[in-house]
Number of protein chains: 2
Amino acid sequence: MENLSSKQSQVLRFLMDFNADYGFPPTIRELCDHFGFKSLNTAHFHLRSLEKKGYIQIHPGKGRGITLPEARRLPERKIPVVGRIAAGLPILALENIEDFLGIDKGFFCTEKSFAVQVKGDSMVDAHIQDGDYVIIKIQDQAQNGDIVAALIDDEVTLKYFYRRKRQIRLESANPKYPPLIFKKEEARSFRILGIMAGLVRKRQ
Amino acid sequence: MENLSSKQSQVLRFLMDFNADYGFPPTIRELCDHFGFKSLNTAHFHLRSLEKKGYIQIHPGKGRGITLPEARRLPERKIPVVGRIAAGLPILALENIEDFLGIDKGFFCTEKSFAVQVKGDSMVDAHIQDGDYVIIKIQDQAQNGDIVAALIDDEVTLKYFYRRKRQIRLESANPKYPPLIFKKEEARSFRILGIMAGLVRKRQ
DNA sequence: CAAAATATAGAACGTATGTTCTACTTACAG
DNA sequence: CTGTAAGTAGAACATACGTTCTATATTTTG
């Protein structure tokens with residue numbers, strides 16, 4: 001999915017929120033009012049951009065004729081699946097979201113959360129398999145022994161977290177993979193996105 | 001909630017379907033077209049009736065200004081958690097249901113399904129931990145190697161399923177536990193409830 | 001640097017859409 | 001039988017709403 005400018009993101013977010021609140025999309029004039037646009041064409045322009053990039057569908061001539069893809073209709077309660085994290089963007093930026101899990105956020109008692117799909121066997125000893133979705137509660141702190149989602153080179157990785165004096169150790173739950181060790185001074189080369197709050201496996 | 005006449009039911013159903021398809025409600029004229037009404041007032045009248053009975057909310061003056069209650073936007077169907085199965089009762093009898101998981105049944109592609117909470121470590125080698133919820137697709141057949149939920153002495157148990165000639169073997173995924181072997185003539189002492197369709201772990 | 005994408009403003013136009021009024025039919029309960 | 005609710009029809013009206021054209025400024029990109 002093509003990248004969105006920050007204004008386009010804001011407009012899409014507003015469409016989703018408005019839809020969730022009222023059950024129907026806003027008119028172009030309501031869009032203008034909300035953002036303070038003084039011209040109808042400004043709002044109309046953003047809608048056309050969003051449609052060109054495939055985020056919405058416009059039904060010409062129909063009042064409030066904006067269709068959001070089903071995944072984005074009531075997303076506020078569903079858990080977003082985050083794929084690659086584009087540099088600089090916040091975790092939950094729309095561009096990072098691949099899909100939504102049909103699970104209410106409240107189920108895992110974590111309003112601020114997302115999911116990542118596990119690739120590979122680096123966490124099998126924690127009983128986390130290839131293909132599992134791990135639900136991550138967003139926070140930048142972690143305790144020793146927590147399973148954390150860390151961002152290393154735009155890539156989301158799951159590891160056990162251990163801090164000792166001047167260094168942080170990120171360990172796999174599989175002896176095949178060596179631990180990653182970060183000294184305090186190079187702590188900026190990775191970032192903790194959150195800690196594991198649950199797991200979902202879709203498998204026969 | 002007050003009862004609906006059959007026409008009113010049909011109109012409400014149409015509102016829900018239209019909403020699900022397009023992401024916005026129909027106009028009064030679209031309602032007329034669908035039902036073959038020749039007067040706008042007919043459709044308008046039904047909408048007013050539905051609002052008076054509390055099924056929808058009308059926003060006067062707004063195009064497509066119909067709000068369905070959130071519950072009716074996307075029907076929610078949660079997965080029941082089954083505990084002990086009382087003798088003689090069907091699996092999904094209300095008496096057997098301990099709780100519901102806030103997960104839509106469709107998520108695991110199994111309309112007929114339930115969940116059991118795992119107790120113990122008999123399936124750890126299949127990466128199923130103590131406390132995990134395993135989603136079971138209801139069916140009475142199983143293939144060799146499937147993980148099945150079986151009813152043994154009113155107790156729901158998870159096992160690997162193997163059939164060989166005149167006997168059925170139910171194996172744990174943990175060498176600590178010996179396999180259960182049933183000869184064909186004693187096959188009535190257990191019952192297959194269904195096969196594993198997914199897993200949910202709620203854990204920090 | 002030039003071209004393209006992004007962002008915004010203002011105005012004019014036509015039609016899509018909700019509202020309301022009158023009127024008629026059928027079924028049903030008091 | 002008479003009143004009330006459900007269901008339908010037709011028409012007139014006001015306005016909510018999308019569309020399109022012209023212009024301008026800023027930022028990004030090749």
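Lettering follows sequence order; numbering is per chain, from 1.
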Item to check | Backbone N/O of A:R48 and side chain of A:E51: donor-acceptor pair under 3.5 Å | outcome: no
Item to check | Side chain A:R201, main chain A:Y133, donor-acceptor under 3.5 Å | outcome: no
Let me check something: any side-chain donor-acceptor pairs from residues 119-127 of chain B under 3.5 Å, sequence neighbours excluded? List them with distances.
unit_1: B:D121; atom_1: OD1; unit_2: B:Y177; atom_2: OH; d: 2.6
unit_1: B:D121; atom_1: OD2; unit_2: B:K176; atom_2: NZ; d: 3.0
unit_1: B:H127; atom_1: ND1; unit_2: A:V124; atom_2: O; d: 3.4
unit_1: B:H127; atom_1: ND1; unit_2: A:H127; atom_2: ND1; d: 3.2

Checklist entry - Atom CG of B:L47 to atom P of C:dT17: distance rounded to whole Å? => result 14 Å
Checklist outcome for this item: When rounded to whole Å, the CZ to P distance for the pair B:F35 and D:dT8 reads 10 Å
Checklist entry - Any N or O donor-acceptor pair linking the side chain of B:T42 to the base of D:dG7 at under 3.5 Å? => result no
Checklist entry - How about A:L68 and B:Y22: do any of their side-chain heavy atoms sit closer than 4.5 Å? => result no
Checklist entry - So does B:Q8 get a side-chain nitrogen or oxygen closer than 4.0 Å to the phosphate oxygens (OP1/OP2) of D:dG7? => result yes
Checklist entry - Under 30°, 30 to 60°, or over 60°: which ring-plane class applies to B:H34 and B:F14, parallel, tilted or perpendicular? => result parallel
Checklist entry - Is A:S49 near enough to C:dA5 that one of its side-chain N or O atoms lies under 4.0 angstrom from OP1 or OP2? => result no
Next on the checklist: Are there over 12 heavy-atom neighbours, none belonging to B:Q10, within less than 6.0 Å of that residue's CD?
Outcome noted: yes
Checklist outcome for this item: To the nearest angstrom, the CG-P distance between B:D33 and D:dA9 comes to 12 Å
Item to check | Protein-nucleotide distance (A:K7, atom NZ; D:dT28, atom P), rounded to Å | outcome: 14 Å
Checklist entry - Could you state the CZ-C1' distance from B:F45 to C:dT20, rounded to the nearest angstrom? => result 15 Å
Checklist entry - Can you check the A:K38 NZ to D:dA23 C1' distance for me, whole Å? => result 17 Å
Checklist entry - By side-chain hydrogen bond (donor to acceptor under 3.5 Å, both in side chains), which residues pair with B:R29, not counting sequence neighbours? => result none
Under 3.5 Å, which N/O atoms of the protein pair with N/O atoms of nucleotides 18-22 of chain D?
unit_1: D:dG18; atom_1: OP1; unit_2: A:R64; atom_2: N; d: 2.8
unit_1: D:dG18; atom_1: OP2; unit_2: A:I28; atom_2: N; d: 2.9
unit_1: D:dG18; atom_1: O3'; unit_2: A:G61; atom_2: N; d: 3.2
unit_1: D:dG18; atom_1: N7; unit_2: A:R29; atom_2: NH1; d: 3.0
unit_1: D:dG18; atom_1: O6; unit_2: A:R29; atom_2: NH2; d: 2.9
unit_1: D:dT19; atom_1: OP1; unit_2: A:G61; atom_2: N; d: 2.9
unit_1: D:dT19; atom_1: OP2; unit_2: A:H44; atom_2: NE2; d: 2.9

Checklist entry - Whole-Å distance between D:dA6 C1' and B:Q10 CD? => result 14 Å
Item to check | Rounded distance in Å - CZ (B:F37) to P (D:dG7) | outcome: 9 Å
